[in-house]
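Presented below is the structure to which this report refers.
Quick note on labels: first sequence line is chain A, next is B, and so on, each numbered from 1. For clarity, every value in this text was computed on a predicted model and none was experimentally measured.
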Amino acid sequence: MTKKYITTAIPYVNGNPHVGHTMDYLLSDAYYRYLKLSGEEARFQSGTDEHGNKIFHKALDSKKDINEYIDENSQKFRDFIQKLDVYPTDFIRTSDKDHERRCKEIWKKLEPHIYSAEYEGWYCEGCERFVTEKEVEENNGICPDHQKSYEKLSEKNYYLRISDFKEKIRKAIETGEMKILPDFREKEMLKLLDESPDVSVSRPKKNLSWGITVPNDDSQVMYVWIDALSNYITVLGYPDNDISDFWPATVQFVGKDILRFHAIIWPAMLLGLGLPLPKLLHSHGFINVNGQKMSKSIGNVVDPIDVLERHGVNALRYFFLRHVDNFVDSDFTWEKFDSAYNNELANDLGNLVQRLATLCSKNNLSYKTKETKFSPVYVEAMNNFKFNEAFEHAWTHVQNLNKKIDEEKPWELAKNGETEKLEKALSELVDGILHANFELSPFLPDATEKIKDIFLGEKILPPKTPLFPKER
RNA sequence: CGCGGGGUAGAGCAGCCUGGUAGCUCGUUUGGCUCAUAACCAAAAGGUCGUUGGUUCAAAUCCAACCCCCGCAACCA
């Protein structure tokens, strides 16, 4: 049996957790839990990206020591992950000393593919950064924040020669050695690969001080790519340890916005290091609100903490894993969220647990544990990353059980004293709910644990308060 | 001709790859039940599948053209 390795993109910690991050965490966590329940050995990485000018300036603005600032922000994300019931086996911070040291080793190994060149562009002294041609055009050559003219400036950068690897990357994608899901993104990446220029991987220290110094050149600091992308292997101990047990990654979950870096720059780095490419890059879509892109200027940003507090973690996981597509953009509205909670979680599952537990308790059913496993349809869906389908399959069990109770009418059996029939019917129903519960457990770890306790306890008793209290 | 996604019942979506009586969830209406969180179960109403043309015995499904939404094209997840 080969070991599995699941990764999440590491968020840049210059702000609070976003709904977008939530998708990353939930998809990878559900898949990780599924693998574990299937008996696989697996590692599951997460972490935080902590270098760069934006963070450096944010820390200055908030009059905090940079280390204090990143500690606080990294912790915010760790707390958030925990609230989502997501438990990675490994958590990396790009400010970790081990990571920094390993990064330098990686840089050195990549040196045959790195060259230095002058970068020329428009620069704003106030912002301390280069801006794009388009931005210069839009602002008529004057920085709106500083009311100063952009100046043409050139600086030394190191570049990673992507062209050394293009053909190999293309082949890896085409042969399926490195698969990209969904398919249309794969096509997009193949196209992008053609046009990809070499990528700048460093900045002069005077322009970027908060980062990892380039080996053998104290005047340069690594730009985000090598620093952040390498986390996926430094967390496993590369290059100090042999990582072949877990690398290549089974699946790397990323947002559609950063897929290109994972499909082009990252494979180039890996090939430069002589490492195999990840088996699968899974790109997820964005979450819109009322059909509109979430944006600060529109003011429609949904804070995942608010979602969490509305009906609890189960409701959040339920909605994002069942009703949000894992490949294309989806829509979030509070109405949909409330409706999913009340009509589905509470009415279907919560109520089923309540009525069945009450029936068992009233009739003193003693239940013997029976082994359960994932159904083939479910396995098929999960293996193809169709989480919605797997979830829905599990949910049809729930709906069928509600039907079955109505058909069997246990209350009539009890009234007529048909004890044998009654016990058979009830234990079949409990079998059913435990099976459904098992298939739901990668998605709803908290709720399914509670349900297990109810039906596998000494005596079956309905929960004192409903599992999902209705809220209108 | 920049790239991509989508247009299917009141709403949200599946089906399209591998043509053959149009399906799911919510909502609405009616009936049933009482174990249960005013929950559950059954039935009904509701669609010329964006437009036009083509291929075919047969098209939501394949082909062509067009119209309309929406993303991406910039380290704003």
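- Using a 4.0 Å cut-off between a side-chain N of Lys or Arg and a carboxylate O of Asp or Glu, A/Glu188 and A/Arg185 qualify as a salt bridge.
- Annotation: B/G23 and B/C66 have their C1' atoms spaced 29 Å apart (nearest Å).
- Comparing A/Met294 and A/Asp348, the nucleotide of RNA chain B nearest to each residue sits closer to the 5' end for A/Asp348.
- The separation between A/Asp329 atom CG and B/G12 atom P is 16 Å, rounded to whole Å.
- If you take atom C1' in B/C33 and the same atom in B/A42, they sit 10 Å apart, rounded to whole Å.
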So which protein nitrogen or oxygen atoms get under 3.5 Å of nucleotides 62-64 of chain B's nitrogens or oxygens?
none

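- What separates CG of A/Asn343 from P of B/A38 is a distance of 13 Å, to the nearest Å.
- Residues A/Glu118 and A/Lys156 are not paired through a salt bridge, judged by the lack of any N-O separation under 4.0 Å between the basic side chain and the carboxylate.
- A/Phe184 comes within 4.0 angstrom of the backbone, heavy atoms only, and of no base.
- Taking the nucleotide of RNA chain B with the nearest heavy atom to each of A/Phe468 and A/Ile287, the more 5' of the two is matched to A/Phe468.
- A sub-4.0 Å separation between OP1 or OP2 of B/C40 and a side-chain N or O of A/Asn347 is present.
- For the residue pair A/Ser375 and A/Glu439, a side-chain donor N or O sits within less than 3.5 Å of a side-chain acceptor on the partner.
- Taking atom P on both nucleotides, B/G19 is separated from B/C63 by 11 Å, rounded to a whole Å.
- Nucleic acid contact class of A/Tyr12 (heavy atoms, under 4.0 Å, all strands): none.
- For the pair A/Asp331 CG and B/C26 C1', the interatomic distance rounds to 15 Å; values are reported in whole Å.
- In this model, no donor atom of one side chain and acceptor atom of the other lie less than 3.5 Å apart for A/His99 and A/Thr94.
- Between A/Glu380 and A/Lys386 there is no salt bridge, since no side-chain N of the basic residue sits under 4.0 Å from a carboxylate O of the acidic one.
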Exercise answer: donor-acceptor pairs, residues 411-420 of chain A side-chain atoms, under 3.5 Å, sequence neighbours excluded:
{"residue": "A/Asn416", "atom": "ND2", "partner": "A/Glu412", "partner atom": "O", "Å": "3.3"}
{"residue": "A/Thr419", "atom": "OG1", "partner": "A/Gly417", "partner atom": "O", "Å": "3.3"}

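- With both ends at atom C1', the span from B/A45 to B/G10 equals 12 Å, rounded to whole Å.
- Salt bridge annotation for A/Glu428-A/Lys424: present, with a cationic side-chain nitrogen under 4.0 angstrom from a carboxylate oxygen.
- Rounded to whole Å, atom P of B/U25 lies 11 Å from atom CG of A/Asn400.
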Would you tabulate the nitrogen or oxygen pairs shorter than 3.5 Å linking the protein to nucleotides 30-36 of chain B?
{"residue": "B/C35", "atom": "O3'", "partner": "A/Lys362", "partner atom": "NZ", "Å": "3.4"}
{"residue": "B/C35", "atom": "O2'", "partner": "A/Arg355", "partner atom": "O", "Å": "3.4"}
{"residue": "B/C35", "atom": "O2", "partner": "A/Arg355", "partner atom": "NE", "Å": "3.1"}
{"residue": "B/C35", "atom": "N3", "partner": "A/Arg355", "partner atom": "NE", "Å": "3.4"}
{"residue": "B/C35", "atom": "N3", "partner": "A/Arg355", "partner atom": "NH2", "Å": "2.6"}
{"residue": "B/C35", "atom": "N4", "partner": "A/Arg355", "partner atom": "NH2", "Å": "3.2"}
{"residue": "B/A36", "atom": "O2'", "partner": "A/Asn351", "partner atom": "OD1", "Å": "2.5"}
{"residue": "B/A36", "atom": "N1", "partner": "A/Arg355", "partner atom": "NH2", "Å": "3.4"}
{"residue": "B/A36", "atom": "N3", "partner": "A/Asn351", "partner atom": "ND2", "Å": "3.3"}
{"residue": "B/A36", "atom": "N3", "partner": "A/Arg355", "partner atom": "NE", "Å": "3.1"}

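- Rounded to whole Å, the separation between the C1' atoms of B/C57 and B/G15 comes to 23 Å.
- When ring centroids are compared, A/Tyr318 and A/Phe443 stay outside the 6.0 Å threshold.
- Among the atoms of the strands shown, only primed sugar atoms or phosphate atoms (P, OP1, OP2) are found under 4.0 Å from some heavy atom of A/Glu344.
- Annotation: B/U8 and B/C70 have their P atoms spaced 15 Å apart (nearest Å).
- For the P atoms, the distance linking B/A64 with B/C3 amounts to 15 Å, nearest Å.
- At B/G4, none of the side-chain N or O atoms of A/Lys187 fall inside 4.0 Å of OP1 or OP2 (strictly under the cut-off).
- Consecutive pairing runs in RNA chain B reach the stem threshold at B:2-7 with B:67-72, B:10-13 with B:23-26, B:28-32 with B:40-44, B:50-54 with B:62-66, where a stem means at least three Watson-Crick or G-U wobble pairs with distances under 3.5 Å.
- Side-chain contact, A/Asn53 with A/Arg203: no donor N or O sits under 3.5 Å from an acceptor N or O.
- In this structure, A/Asn388 places its CG atom 13 Å from C1' of B/C24, rounding to the nearest Å.
- Straight-line distance from the CG atom of A/Asn288 to the P atom of B/G12: 14 Å, rounded to whole Å.
- Because its NZ or CZ atom is not both nearer than 6.0 Å to the ring centre of A/Tyr12 and within 45° of the ring axis, A/Lys54 does not count as a cation-pi partner of that residue.
- The side chain of A/Lys403 sits closest to B/C41 out of B/C41, B/G12, B/G71.
- Here B/A77 presents its P atom at 16 Å from CD1 of A/Ile10, a figure rounded to the nearest Å.
- Taking the charged nitrogens against the carboxylate oxygens, A/Arg317 and A/Asp446 have no contact shorter than 4.0 Å, which rules out a salt bridge.
- To the nearest angstrom, P of B/G5 lies 8 Å from CD of A/Glu188.
- For A/Phe468, there are no ring-ring contact (aromatic ring centres under 6.0 Å, His included) partners at least two apart in sequence or on another chain.
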Tabulate below the donor-acceptor pairs under 3.5 Å that side-chain atoms of residues 259-269 of chain A make, not counting sequence neighbours, or state none.
{"residue": "A/His262", "atom": "ND1", "partner": "A/Ile258", "partner atom": "O", "Å": "2.9"}
{"residue": "A/His262", "atom": "NE2", "partner": "A/Tyr232", "partner atom": "OH", "Å": "2.7"}
{"residue": "A/Trp266", "atom": "NE1", "partner": "A/Gln252", "partner atom": "OE1", "Å": "2.9"}

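- Rounded to whole Å, the P atom of B/G2 lies 15 Å from the corresponding atom of B/A65.
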